[in-house]
Q: 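One structure, pasted below without further comment.
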Amino acid sequence: MSKSVFKPNKEFAKTARIKNMCEYQALQEEAMEDYEGFWGRYAKEKLDWIEPFNEVMDESNFPFVKWFKDGKLNVAEQCIDRHLKTRKNKAAIIFEGDRGDKQIITYLELYYNVNRFANLLKKEFGVKKGDRVVIYMPMIPEAAYAMLACARIGAIHSIVFGGFSAEALRDRIEDADAKVVITADGAYRKDKPYMLKPVVDQALEGGSPVNKVLVVERNDEDITWVAGRDYSYNELIKSQEVHCEPEVMDSEDPLFLLYTSGSTGKPKGVQHNSAGYILWAQMTMEWVFDVKENDTYWCTADVGWITGHTYIVYGPLAMGATTVIFEGVPTYPDAGRPWKMVEEYKINQFYTAPTAIRVLHKMGEDEPAKYDLSSLKVLGTVGEPIDPPAWKWYYEEVGSSKCAIVDTYWQTETGGHIVSPLPGATPIKPACATLPLPGIMGEILDPVTGERVETGETGYMCVTRPWPSMIRGVWGDEERFVKSYFGDVKKNGKPIYFTGDGAVYDEDGYITITGRTDDVINVSGHRMGTAEIEAAIKKHPNVAEVAVVGKPHELKGEGIFAYVVLKSDDGVADEVEEVKAINNVIKKEIGNIALCDDIVFAPGLPKTRSGKIMRRILRSIAKGEAITQDISTLEDPSIVEKIENMVKSK
Ligand code: WTA
């Protein structure tokens with residue numbers, strides 16, 4: 001089925017960095033013909049090197065690939081120092097608090113703030129190059145300072161999203177063997193204070209590798225201070241010097257870890273290194289958002305996710321842009337908040353998740369019309385497929401049918417966008433990520449033959465050559481890195497990077513992502529492993545077995561559906577209580593973001609004779625679809641009908 005096509009705005013295209021499809025194709029061809037020449041050219045042009053690199057790419061030990069070998073640089077310098085010559089008084093960060101409080105931080109102020117922070121970590125806490133620092137922070141400027149301070153002294157940060165529970169935080173601290181946690185007392189949400197420090201306290205209870213906790217006092221609520229371990233940022237920062245020599249880092253020195261869900265119960269610490277990551281963060285900022293010198297750019301993600309890393313902090317600052325940090329929620333005090341902010345700050349590029357668009361559409365369909373949104377040029381979406389009605393509203397009501405919508409497809413592991421429209425060049429289609437970006441050899445392949453799939457046939461979304469911002473490793477687990485990403489698809493007999501997503505080409509060769517092929521689900525744009533949720537539910541003493549699947553959800557994209565088999569045979573005494581108890585375990589083990597939308601107490605699970613749970617059947621039942629699979633090979637085929645009836649009667 002052919003979709004409507006929307007051509008780029010002609011006026012916009014005139015000054016865009018990539019102005020038309022010919023320019024796009026020329027770049028893509030340049031990369032195909034001389035891959036290393038292409039990347040080497042950009043690495044020299046875009047980054048300021050302390051010492052130049054000797055080799056663009058070394059893939060002799062694939063998939064352990066090295067980019068810009070022997071080059072030396074510092075990522076914090078890329079994001080701050082080099083802008084001081086021409087942009088010292090330009091706003092680097094515009095902060096809006098939940099309660100409407102505002103701060104504008106210039107590049108010079110950012111330089112001072114980050115250097116003070118870096119000195120604090122180095123001199124007061126003894127943090128050294130290579131040490132891991134966990135950041136568990138609200139959306140306040142200090143979260144960005146903390147990241148950049150780590151980068152300045154060569155420490156590896158690992159941000160844990162503030163919605164994760166103490167247990168989840170503990171696991172991540174332990175896996176990374178972090179010595180320091182940076183947190184805040186809490187922050188504000190919907191005009192009320194909420195707390196983070198007590199969660200850190202709980203995560204460190206009973207022994208931990210962490211010996212220092214730095215607390216930014218944001219909401220001044222009462223917290224407990226552990227003497228000798230907990231320190232006030234607000235106090236210590238006062239006496240720090242405003243200059244801190246940046247650590248000389250190798251291109252391949254790690255920049256950060258970010259834990260993400262996979263197909264097992266244990267999240268993986270995705271590792272990104274310095275030069276390749278920052279290069280692609282900057283290039284995609286320039287190409288995909290086409291931010292100009294005087295523009296104001298706003299990405300609504302949380303720094304706890306990769307989008308916050310690459311497109312709130314590193315990408316915008318690397319290119320010297322003005323980036324907005326917002327503490328609050330988009331629907332408070334009403335669903336006009338983002339549009340009010342667009343008007344107030346004259347935002348030029350706005351980047352958010354389809355879930356937010358669906359919620360804003362549902363709760364405030366007419367809100368955009370109340371504000372002057374004429375500054376907007378590019379609208380972005382990320383994290384999950386966007387549905388055509390939400391796309392249409394975003395395009396027409398928010399963008400007045402004149403802004404490009406960039407449906408950016410990428411992952412924690414890819415570091416930056418890999419498939420996305422270019423706003424001045426690519427004719428767009430609703431809910432379609434369109435084409436691989438120049439330099440990215442993205443292809444949809446048949447998992448068995450490794451050949452490119454035909455139009456309309458679903459295949460596996462792969463990248464057939466390593467690229468600079470590609471994941472460098474899974475922290476502490478080489479084997480898992482190789483197996484998770486390079487085990488499933490081979491092209492010409494050689495293993496290549498597989499994203500875990502299915503995708504399909506349309507008649508124009510455009511790519512539409514069809515969703516995960518593994519047991520990862522996407523809830524409100526948050527990536528969750530069903531195995532992780534199952535592992536949490538199994539901690540409930542009365543649970544014998546559990547299977548979690550995703551189910552389409554009107555607002556969240558996907559909801560969490562759990563089939564639970566209880567240990568006691570006498571059925572469920574009080575279903576409401578039992579559901580509450582299970583959700584409490586999830587809350588404790590993972591956090592509120594993983595609470596189930598549906599829980600069904602099943603008499604058993606559909607399993608093969610070898611004991612494998614047939615999740616496909618459970619997915620179909622959750623969706624209310626007819627079962628088309630052959631169930632005769634199941635250990636107990638009658639279980640399917642029993643579960644179906646239970647779900648129907650719910
Ligand atoms: C999904 C978020 C459809 C996909 C940046 C991917 C998308 C996972 C899109 C990564 C998109 C991301 N259209 N699906 N534009 N962008 N996804 O690691 O399934 O949190 O594998 O990174 O989100 O989620 P992650």
Side-chain angles (χ1 to χ4, degrees), residues 121 125 127 131-138 143 146-147 150 155-187 194-216 223-231 254 256-262 264-271 302-306 309 412 474-477 480 526-541 543 581-595:
L121 293 177
F125 285 7
V127 177
D131 286 350
R132 272 81 58 211
V133 172
V134 163
I135 300 178
Y136 187 67
M137 286 279 265
M147 296 163 76
C150 287
I156 305 169
H157 62 71
S158 168
I159 307 192
V160 179
F161 172 60
F164 279 118
S165 69
E167 282 304 316
L169 177 60
R170 183 203 304 273
D171 289 347
R172 286 157 178 77
I173 289 171
E174 286 178 359
D175 192 80
D177 194 24
K179 299 280 179 299
V180 170
V181 174
I182 303 171
T183 187
D185 43 7
Y194 73 91
M195 303 307 288
L196 289 172
K197 172 65 166 53
V199 186
V200 175
D201 292 335
Q202 228 182 315
L204 303 186
E205 252 168 38
S208 155
V210 169
N211 51 40
K212 294 276 186 286
V213 176
L214 186 66
V215 185
V216 177
I223 51 171
T224 1
W225 296 88
V226 175
R229 188 195 76 183
D230 301 349
Y231 295 84
F256 66 82
L257 306 179
L258 182 57
Y259 282 81
T260 190
S261 300
T264 71
K266 191 173 176 286
K268 25 187 189 193
V270 170
Q271 180 187 327
D302 190 285
V303 286
W305 309 110
I306 191 69
H309 285 63
T412 304
V474 169
W475 188 252
D477 198 342
R480 193 165 177 206
H526 299 161
R527 181 167 155 186
M528 312 280 334
T530 54
E532 239 173 292
I533 306 170
E534 288 169 4
I537 297 178
K538 275 188 198 145
K539 298 222 164 135
H540 185 291
V543 170
I582 288 176
N583 270 327
N584 277 336
V585 183
I586 298 176
K587 205 163 150 178
K588 176 166 171 287
E589 296 294 323
I590 306 177
N592 284 339
I593 50 171
L595 295 184

Q: How far does CD1 of Ile533 sit from OG of Ser261, to the nearest 0.5 angstrom?
A: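 Atom-to-atom, Ile533:CD1 and Ser261:OG are 8.0 Å apart.
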
Q: With salt bridge (Lys or Arg N to Asp or Glu O under 4.0 Å) as the test, pick out the partner of Lys539 among Glu589, Glu532, Glu534, Glu167.
A: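 Going through Glu589, Glu532, Glu534, Glu167 one by one, the salt bridge (Lys or Arg N to Asp or Glu O under 4.0 Å) with Lys539 is satisfied by Glu589 alone.
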
Q: With a 4.5 Å limit on heavy-atom distance, are the side chains of Val213 and Lys197 in contact?
A: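 They are in contact (side-chain heavy atoms under 4.5 Å apart), so the answer is yes.
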
Q: Side chains of Thr224 and Asp230, heavy atoms from C-beta outward: is any pair under 4.5 Å?
A: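 No, their side chains stay 4.5 Å or more apart.
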
Q: Quick one: does Ile582's side chain get under 4.5 Å of Val585's, heavy atoms only?
A: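 No. Closest side-chain heavy atoms not under 4.5 Å.
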
Q: Do Tyr231 and Val215 have side chains that get closer than 4.5 Å, going by heavy atoms?
A: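 No. Closest side-chain heavy atoms not under 4.5 Å.
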
Q: Spell out, as yes or no, whether a donor-acceptor pair under 3.5 Å connects the side chain of His157 to the backbone of Val134.
A: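 Absent.
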
Q: Within this structure, what is the CG-CG distance for the pair Leu595 and Asn583, rounded to the nearest 0.5 Å?
A: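 Those atoms lie 4.5 Å apart.
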
Q: Would you give the length of the straight line joining atom OH of Tyr259 to atom OG1 of Thr412, rounded to the nearest 0.5 angstrom?
A: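 That separation rounds to 13.0 Å.
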
Q: Is there a side-chain contact between Asn211 and Phe125 in this structure, where contact means two heavy atoms from C-beta onward sitting under 4.5 Å apart?
A: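 Answer no - side chains too far apart.
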
Q: So which atom in Ile593 and which in Phe164 form the shortest heavy-atom distance, rounded to 0.1 Å?
A: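 Looking at all heavy atoms of both residues, the shortest contact is CD1-CE2, 3.8 Å.
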
Q: Give a yes or no on whether the backbone of Tyr136 and the side-chain of Thr183 come within a donor-acceptor separation of less than 3.5 Å.
A: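 At least one qualifying donor-acceptor pair exists.
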
Q: Considering non-hydrogen atoms only, spot the tightest contact between Ser165 and Lys588 and give its length.
A: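 Taking every non-hydrogen atom into account, OG-O, 2.7 Å.
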
Q: Report, as yes or no, whether the 6.0 Å neighbourhood of atom NZ on Lys587 holds more than 12 heavy atoms from other residues, nucleotides or ligands.
A: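 Atom NZ in Lys587 is not packed in, count stays at 12 or less.
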
Q: Judged by atom type as modelled, is there a donor-acceptor pair below 3.5 Å linking the side chain of Arg229 to the main-chain atoms of Val210?
A: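 Not confirmed, Arg229 side chain does not pair with Val210 backbone.
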
Q: State, yes or no, whether a side-chain contact exists between Ile182 and Val133 at a heavy-atom distance under 4.5 Å.
A: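 Of all side-chain heavy-atom pairs linking Val133 with Ile182, at least one is under 4.5 Å.
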
Q: Can you give me the closest heavy-atom contact between Leu196 and Gly162, atom names plus distance?
A: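 Minimum heavy-atom contact is CD2-O, 3.8 Å.
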
Q: Determine, step by step, whether Asp177 and Arg132 satisfy the side-chain contact (heavy atoms from CB on, under 4.5 Å) criterion, reporting the C-alpha distance in whole Å, the side-chain angles of both residues, the deciding distance to 0.1 Å, and the verdict.
A: CA-CA 7 Å; Asp177 194 24; Arg132 272 81 58 211; 3.8 Å; yes

Q: Return the CZ to CD1 distance between Phe256 and Ile306, rounded to the nearest 0.5 Å.
A: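 So the CZ of Phe256 and the CD1 of Ile306 are separated by 4.0 Å.
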
Q: When rounded to the nearest 0.5 angstrom, what is the spacing between CG in Asp302 and CE in Met137?
A: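 The CE atom of Met137 is 11.0 Å from CG of Asp302, to the nearest 0.5 Å.
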
Q: Any side-chain heavy-atom pair from Ser208 and Ile173 closer than 4.5 angstrom?
A: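 Sidechains of Ile173 and Ser208: in contact.
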
Q: Report yes if the side chains of Tyr194 and Pro138 come closer than 4.5 Å at any heavy-atom pair, otherwise no.
A: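 Answer yes - side chains close enough.
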
Q: Look up atom CE in Met147 and atom CD1 in Ile159, then write down how far apart they are to the nearest 0.5 Å.
A: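 Reported to 0.5 Å precision, the distance equals 4.0 Å.
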
Q: Taking all non-hydrogen atoms of both residues into account, name the closest pair between Ile135 and Ala146 and its distance.
A: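 Of all heavy-atom pairs spanning Ile135 and Ala146, the closest is CD1-CB, 3.8 Å.
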
